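Residue numbers start from 1 in every chain, and the chains themselves are labelled A, B, ... in the order their sequence lines are given, proteins ahead of strands. Note that the structure is a prediction, hence the values are computed from the model and not measured.
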Amino acid sequence: MKSPAELLNNLFAEALRAAFGEAGRDVDPLIRPATDPRFGDYQSNVAMGLARTLGRRPRDIAQALIDALGVGRADARVSYLIEPPEIAGPGFINLRLRREFLEAALSSVPPAPGGAEDVDLAELPADRLGIEPVDESLRRTVVIDYSSPNVAKEMHVGHLRSTIIGDTIARVLAFEGHRVVRQNHLGDWGTQFGMVILGMWHLCKAERRGEPEDWSERRLSELAAARSAGGDALRAYLTRLRDEHQAELDRDPAGVEFAAFLRSFAPRLVRLLPAYQFVNAVESAAEDFDLTVVDRQNNKQVKFSAVSNHVVAMLQRGGSADDQERQAWQLAIRASLEACGAIYRRLCVLLTEGDVRGESFFHDMLPGIVEELRLSLPARGADEAAATGSTGEWVRAVCRDDGGAVCVFLETPDGTPRFKGPDGEPLPLIVRKSDGAYLYATTDLAAALYRMSDNRRRPIPLRSASLRAALAARDPHHGGLGGDRVLYVVGMPQKLHFEMLFATIEALGWTRAGEPAAPRVRLEHVAFGSVLGEDRKPYRARSGESVRLKDLLDEAVARARRLVEENDARRGDDAGQAPLSDAEKDAIAEAVGIGSVKYADLCQNRGSDYVFSWDKMLAMQGNTAPYLMYAHARIRSIFRKGAATCDDAPIVLEHAAERALGMRILQFGETLSAVSTTLLPNLLCDYLYELAGAFMAFYENCPVLRAPDEETRVARLRLCDLAARTLKLGLGLLGIRALQRM
RNA sequence: GCGCCCGUAGCUCAGCAGGAUAGAGCAGCGGUUUCCUAAACCGCAGGUCGCAGGUUCGAAUCCUGCCGGGCGCGCCA
């Protein structure tokens, strides 16, 4: 089933060619929903624009177009679709869909597949409402990078938008028939990682000394006290910690204790986190003091404020001497993934451990990436190094050393820098620090290569043999994910980074590689704004720390639970149905609470910041999850109460409210297309809100179970069924459960 | 300093590949329940779309300048 807008679009495109020949080819018919019900259902605004190019009066053009459409001719396909169009104002063509068409289109929607109530929100909903996937020729492989939590930290509000928006986009694109590859770019290789490992080491030592379980928390508050007491107290405290640290190293230079500890350690994030925070706090406090310890192998002095860096260096250097660090690292990842998995399941987010390709996954490609940049982007700009970016601008990239760091300078063809720093000097993309360490830009280049490359469809020619080998080692079979479209669901502040990254990739020519038939790769930064508190500053807990996602969700569910309780009590027996059991209340509170948090985020325009408000997201009125869920529950209630079925009864759109509801239902498909091209989930939210509003109006005006006659009754039931299924499907694509009762 | 984003009703926000009289929700005022869930529905009131120019048959939407706010800007991610 195609949506009305799509049908109109196709018919108008044909008519444009028929009426105006070449001049009408590839002209967008500009089919839009009517701005006012009096003007019909849709309108075409193409005539006014065409007036200039054709040198004719817009109303004449509109008339010619209508003649070419052939409405009213018995043999014209358009005749069953619309009433004869009217020309209005300067040349608007007003279109009114025929009632018979609407009724037939709605009646032809296949019944919901049996088995009905799917508990999980699967990637592909069982009930498609007759909506077909996009044409085979338009299907793409879409790689979507979202969520990307940091292993060293617990998930917090900062991860909410990426996780939720990314998941919805993934669901919508998959529903449209695209091959979606989710990627969770876990932050598992950064500097903070040394702190986690070091924290685990401290846990080990504390345990051996027989200290209490909350050792880390105690040390943290001791440190805070020493800090506020001033310089000398802090120095004394840090010196004590240093001595303790050194004593432990001396006691067990081979790390036998730590190795044993790791073998039996059941990693739990609740223990890891305070230990990490402790190390973090100690190191930042120690920066101002000249304290050192001898490193694990006892060969050199290490600054006490930089022990974790040293651990990172050991970890990243590789080799069997550092197995211990590697093992600790694996355990920490394990713990983090389990914590993330719990959050994802609760959020009904599709990400699994199979989608994780963290920073560490790419780390051995990094030297090859730098070599590739050096070979492909020589200082004397070769032709290959200049290309039109996806924005259509020309970019030229030059890779050279600067101050000991390896840099990519992006330039316009005449050599002026594309990006500048605060001092007005060219701002490069730095891919290797002067100390030899790699940065996230390097990892992002490696990840992008992996995501686009495909041995068969899009082999990317690489000059660096070591990079070729490293890429092949990652995915020997396919040589990469073969993405035609690579999406990065990452916050707005990183816009500059992605501009530079994409410009570099374009200059390397990776997006244009592969067989001629392969589409050019589109790289897109799906940017989003921040979550703000009522004070319009980034949303934080009262303590000033960012809010843990787990706490946020707990509170949402608790608030929803109170509402369920209140409401059930107020309703009493009035509704003539059994009160909700505790288990039902729990389930409803969970769905409503989580759904409200998600919906409040998704219904905002992705690009803008939004103010987090419990009252608004849990409100029953307005564009909220509870409102939509209520509309769905109300419909299901009709079926429950009437023990009714409607099977394949023909739809009748007699009443204006019936027609309006039917029209909305049919517009679901075109809404999805809009979401997949703009990647704006709020368009889907707006649609669902309007759909629910149309249902509410219908509900007030058109009795269903008490309909005047049986024919009307079953027709209305069928319309209700379609409305409920559309709501359920739409909510499902947002990763929100629809409820039977609430 | 440079770059990006934002400024729409008292408040929070939609609308911005230009289209007819700019929409929601909240807050305010007034209605609706012997009737399928009132966690609802309906009505009223509320706007020089930051300001000034420009392009256009037509601008909240595109361009330029200004004012106000946010974010970003080489070896963090």
Side-chain angles (χ1 to χ4, degrees), chain A residues 28 30 32 34-36 38-39 43 45 48-49 51-52 58 88-92 94 148 150 187 190-192 359 402-407 419-435 437 439-441 443-444 491-497 499 527 529-530 532 536 563-564 566-568 570-571 574-577 592 603-605 607-611 613 615-616 618-624 626-627 629-631 633-642 644 677-678 682-683 685-686 689-690 693 696-697 699-707 716 720 741-742:
Chain A
D28 185 342
L30 296 174
R32 300 281 182 271
T35 52
D36 187 302
R38 289 202 317 268
F39 303 143
Q43 63 187 51
N45 301 334
M48 286 86 78
R52 178 167 293 270
F92 299 107
N94 289 335
S148 307
N150 213 304
T191 50
Q192 81 287 352
E359 293 166 347
D402 192 90
V406 183
C407 300
F419 306 97
K420 289 182 188 169
D423 48 8
E425 292 301 302
L427 183 73
L429 186 75
I430 301 179
V431 292
R432 205 182 74 186
K433 298 204 284 184
S434 48
D435 68 2
L439 297 101
Y440 75 138
T443 308
D444 280 347
M492 204 62 104
Q494 297 208 43
K495 194 165 186 253
L496 178 63
H497 168 68
E499 279 176 17
S530 318
L532 306 177
R536 307 210 122 256
L563 291 176
V564 172
E566 268 172 36
N567 200 49
D568 197 53
R570 178 170 354 123
R571 189 154 48 214
D574 288 356
Q577 45 189 338
V592 170
C603 77
Q604 294 289 322
N605 182 305
S608 43
D609 296 348
Y610 79 94
V611 176
S613 160
D615 290 341
K616 273 180 192 151
L618 287 163
M620 264 314 296
Q621 50 279 78
N623 193 358
T624 67
Y627 179 80
M629 296 169 99
Y630 177 66
R634 254 185 158 180
I635 302 174
R636 300 312 315 167
S637 169
I638 296 173
F639 284 88
R640 237 184 352 262
K641 182 151 274 184
T677 54
T678 60
N682 67 303
L683 300 182
C685 296
D686 291 345
Y689 181 51
E690 280 161 12
M696 292 294 188
Y699 186 86
E700 297 289 328
N701 289 292
C702 305
V704 178
L705 296 177
R706 273 165 259 247
R716 286 183 176 167
C720 283
R741 292 185 65 185
M742 67 180 277

Any strand: nucleotide that pairs with [N] via Watson-Crick or wobble, under 3.5 Å:
| N | answer |
| --- | --- |
| B:rG47 | none |
| B:rC76 | none |
| B:rC71 | B:rG3 |
| B:rC35 | none |
| B:rG30 | B:rC42 |
| B:rA24 | B:rU12 |
| B:rG58 | none |

Value in whole Å for how far the [atom2] atom of [N] lies from [atom1] of [X]:
| X | N | atom1 | atom2 | result |
| --- | --- | --- | --- | --- |
| A:Tyr610 | B:rA14 | OH | C1' | 16 Å |
| A:Leu439 | B:rC73 | CG | P | 14 Å |
| A:Leu429 | B:rG3 | CG | P | 20 Å |
| A:Ile430 | B:rC73 | CD1 | P | 12 Å |
| A:Glu359 | B:rC76 | CD | P | 14 Å |
| A:Asp423 | B:rG74 | CG | C1' | 9 Å |
| A:Leu532 | B:rC71 | CG | C1' | 11 Å |
| A:Leu496 | B:rG3 | CG | P | 13 Å |

Looking at every strand, decide which applies to [X] at a 4.0 Å heavy-atom threshold: base, sugar-phosphate, or nothing.
| X | answer |
| --- | --- |
| A:Asp402 | base |
| A:Gly529 | nothing |
| A:Ser608 | sugar-phosphate |
| A:Gly424 | nothing |
| A:Cys685 | nothing |
| A:Glu499 | nothing |
| A:Val611 | sugar-phosphate |

If only side-chain N and O atoms of [X] are considered, is one of them under 4.0 Å from the OP1 or OP2 phosphate oxygen of [N]?
| X | N | value |
| --- | --- | --- |
| A:Arg52 | B:rC57 | yes |
| A:Tyr627 | B:rC41 | yes |
| A:Arg536 | B:rC13 | yes |
| A:Asn150 | B:rA77 | no |

Could you tell me how far [M] sits from [N] if I compare only their [atom1] atoms? Round to whole Å.
| N | M | atom1 | result |
| --- | --- | --- | --- |
| B:rG54 | B:rG72 | C1' | 30 Å |
| B:rC13 | B:rC57 | P | 37 Å |
| B:rG15 | B:rG25 | C1' | 15 Å |
| B:rG7 | B:rU12 | P | 13 Å |
| B:rC76 | B:rC16 | P | 41 Å |
| B:rG10 | B:rC4 | P | 31 Å |
| B:rC49 | B:rA9 | P | 10 Å |
| B:rA77 | B:rC6 | C1' | 25 Å |

Nearest to side-chain heavy atoms of [X], which nucleotide of [options]:
| X | options | answer |
| --- | --- | --- |
| A:Lys495 | B:rC4, B:rA14, B:rC36 | B:rC4 |
| A:Met620 | B:rU37, B:rC35, B:rA40 | B:rA40 |
| A:Asp609 | B:rC41, B:rG70, B:rC36 | B:rG70 |

Please check this pair: side chain of [X] against backbone of [Y], looking for a donor-acceptor N/O pair closer than 3.5 Å.
| X | Y | value |
| --- | --- | --- |
| A:Asp609 | A:Ser530 | yes |
| A:Asn701 | A:Ala697 | yes |
| A:Arg636 | A:Arg741 | no |

Worksheet item: Which residues satisfy the side-chain contact (heavy atoms from CB on, under 4.5 Å) test with A:Ala619, sequence neighbours excluded?
Response: A:Gln621, A:Thr624
Could you tell me which non-hydrogen atom of [X] sits nearest to which non-hydrogen atom of [Y], and how far apart they are?
| X | Y | value |
| --- | --- | --- |
| A:Val704 | A:Ile638 | CG1-CG2, 4.1 Å |
| A:Tyr689 | A:Asn623 | CB-OD1, 3.4 Å |
| A:Gly187 | A:Asn150 | O-OD1, 3.2 Å |

Response to the item:
The side-chain hydrogen bond (donor to acceptor under 3.5 Å, both in side chains) partners of A:Tyr699 (sequence neighbours excluded) come to none
Worksheet item: Would you call B:rA17 syn or anti, using the 90° rule around 0?
Response: syn
Worksheet item: Where along nucleotides 17-26 of chain B does protein come under 4.0 Å, by heavy atom, of base (B) or sugar-phosphate alone (S), with - for untouched nucleotides?
Response: --BBB--SSS
Worksheet item: Are any of the side-chain heavy atoms of A:Phe92 and A:Asn45 separated by less than 4.5 Å?
Response: yes
Item to complete: Between A:Gly187 and A:Leu618, name the one whose nearest nucleotide on RNA chain B is closer to the 5' end.
Response: A:Leu618
Worksheet item: Can you tell me how far CE of A:Met742 sits from OG of A:Ser637, rounded to the nearest 0.5 angstrom?
Response: 12.5 Å
Item to complete: Fit a plane to each ring of A:His497 and A:Tyr440, take the angle between them on a 0 to 90° scale, and name the class: parallel (under 30°), tilted (30 to 60°) or perpendicular (over 60°).
Response: parallel
